[in-house]
Amino acid sequence: MNQPSATALIPSNTRHPPESSPSILGRYGDSSTFQSFSAGALKGTNYEPLHIPRANDAFGVLAQKITALAAQPSPSQLDFEADAHSHTLEEQLFEATAGAKILVSRVAMHLDTALRRKLFDQLDSLHDIENWENGDIPLQQESFSTFLKTLFLLRPTIRPGLGLSIRGHLVATWRKGENRLTIEFLPKEKVLWVATISSNGDFEHTASEMPIAKLRERLKPFAEEGWIGK
Amino acid sequence: MDRKMKKGQLLPDDHHVMRHVPWARQSRDADGNVDGILSQAFELRQDEPGLSVNWVEYHKDGAPDPEAACIKTFRRTLDIKRSAVFGIGNVREISKITDAGNHSIRTEYSPTDENSSHSSMKGKALEDLISREKLATSVFVRLIKNADVQP
């Protein structure tokens, strides 16, 4: 997961700016900080080289944007809060997924369209009333905000499976054979992650709670072994 | 099977318990194919004194399929969705899990008025993420889909 080889989930038909002008993320930083990187390839898809700023410059600005967007009530939420006592479960579930989708749509230029649709499908599935467990809390905006920021930070080329904790925290899992990496996205840009590693017929486990700013470095060994892609 | 066990007694080591796992706590790939359960399936809710499970061998007397009978008990006492799965774990394997402070998990009989097979997993080790991950990946590895068990 070295910064120069960060793989962007941006499709090849995205219009690329010339070298001398700011990139897609240029509005978030000085063009002189940008470099062009060769893109990795998502399985079955080819991506062209994309101008990507260094993660610690534009990522910080993007993360701030996501935080600001997550703090804004969505239009449906404003109506929702006006009549809080009559919220059915269906309304609560709708509100949770609507809020997440609105947040994604506002940073959609940084996400592949097909992947965005898959993400929406996964969120809908988790909040389907036919599957819903009584007593669970729907997806919390702060958790989803942490998830989005982590996606942009790690830039995984393998899509994770998604789950939801009883507290409404989004959970992402990646598998590589019998190995498994699970990340629970907490509020305030923190994550709880655990890795299960198969070793000679036994399992080893390692876990930690940490801010996402440290996650990229900490998960580097797993990325290098292809757990979350290149 | 000794049904004269008292409330609070530990279940026999060679017996099994079944944990209900709703859709959201199932581990799956990006396309939705279920491949296990998440450690989050073993988190205690705020007001829970222990993790609820059903004692499988309680259903052995008079039932040709104790596991199916156990699932039917779940259906009778809880709102079980079609997408649910049930994980089966051995009591001895559960008790072997310890956290860094050497705390373990005990499985004790805790019948209710509605569910005579109800039991509880208790212990400080349940507060530990790695212990919960071990439960998910090493103990409760055998899963039965609710949809596969006839009414």
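Everything quoted here is computed from the prediction, not taken from an experiment.
- Here A/Glu130 is the residue among A/His169, A/Glu130, A/Glu178 with the most heavy-atom pairs under 4.5 Å with chain B.
- Classified by interplanar angle (parallel below 30°, tilted 30° to 60°, perpendicular above 60°), the ring pair A/Phe185/A/Phe147 is perpendicular.
- A/Ser165 places a side-chain heavy atom less than 4.5 Å from the side chain of A/Glu184.
- Taking B/Gln26, B/Lys134, B/Arg132, B/Arg82 one by one and counting their heavy-atom pairs under 4.5 Å with chain A, the maximum is reached by B/Lys134.
- Using a 4.0 Å cut-off between charged nitrogen and carboxylate oxygen, B/Arg45 and B/Asp47 do not count as a salt-bridge pair.
- In terms of non-hydrogen atom pairs under 4.5 Å with chain A, the most contact-rich of B/Leu78, B/Leu44, B/Ile80 is B/Leu44.
- A salt bridge links B/Glu127 to B/Lys124: at least one charged side-chain nitrogen sits closer than 4.0 Å to a carboxylate oxygen.
- Across A/Asp136, A/Leu119, A/Asp121, A/Asp128, the residue that shares the most heavy-atom pairs under 4.5 angstrom with chain B is A/Asp136.
- Heavy atoms of A/Ser125 lying under 4.5 Å from chain B belong to its backbone as well as its side chain.
- Heavy atoms closer than 4.5 Å to chain B are found in the side chain of A/Gln122, but not in its backbone.
- No side-chain donor-acceptor contact under 3.5 Å links B/Asn54 and B/Arg19.
- For A/Arg159 and A/Trp174, the positive end is not near the middle of the six-membered ring at less than 6.0 Å and at most 45° from its axis.
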Item to check | Verdict with reasoning, B/Arg76 to B/Asn115, per side chain to side chain donor-acceptor pair (under 3.5 Å) | outcome: CA-CA 9 Å; B/Arg76 207 172 49 247; B/Asn115 183 359; 5.7 Å; no
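- Annotation: maximal heavy-atom pairing with chain B below 4.5 Å, among A/Val171, A/Thr182, A/Asn131, occurs at A/Asn131.
- Interface residue B/Asp35: backbone and side-chain heavy atoms are both found under 4.5 Å from chain A.
- Neither the backbone nor the side chain of A/Leu170 comes within contact range of chain B; no heavy atoms are under 4.5 Å apart.
- For a residue to count as touching a neighbouring chain, one of its non-hydrogen atoms must lie under 4.5 Å from one of that chain's; by this rule A/Leu162 touches chain B with the backbone only.
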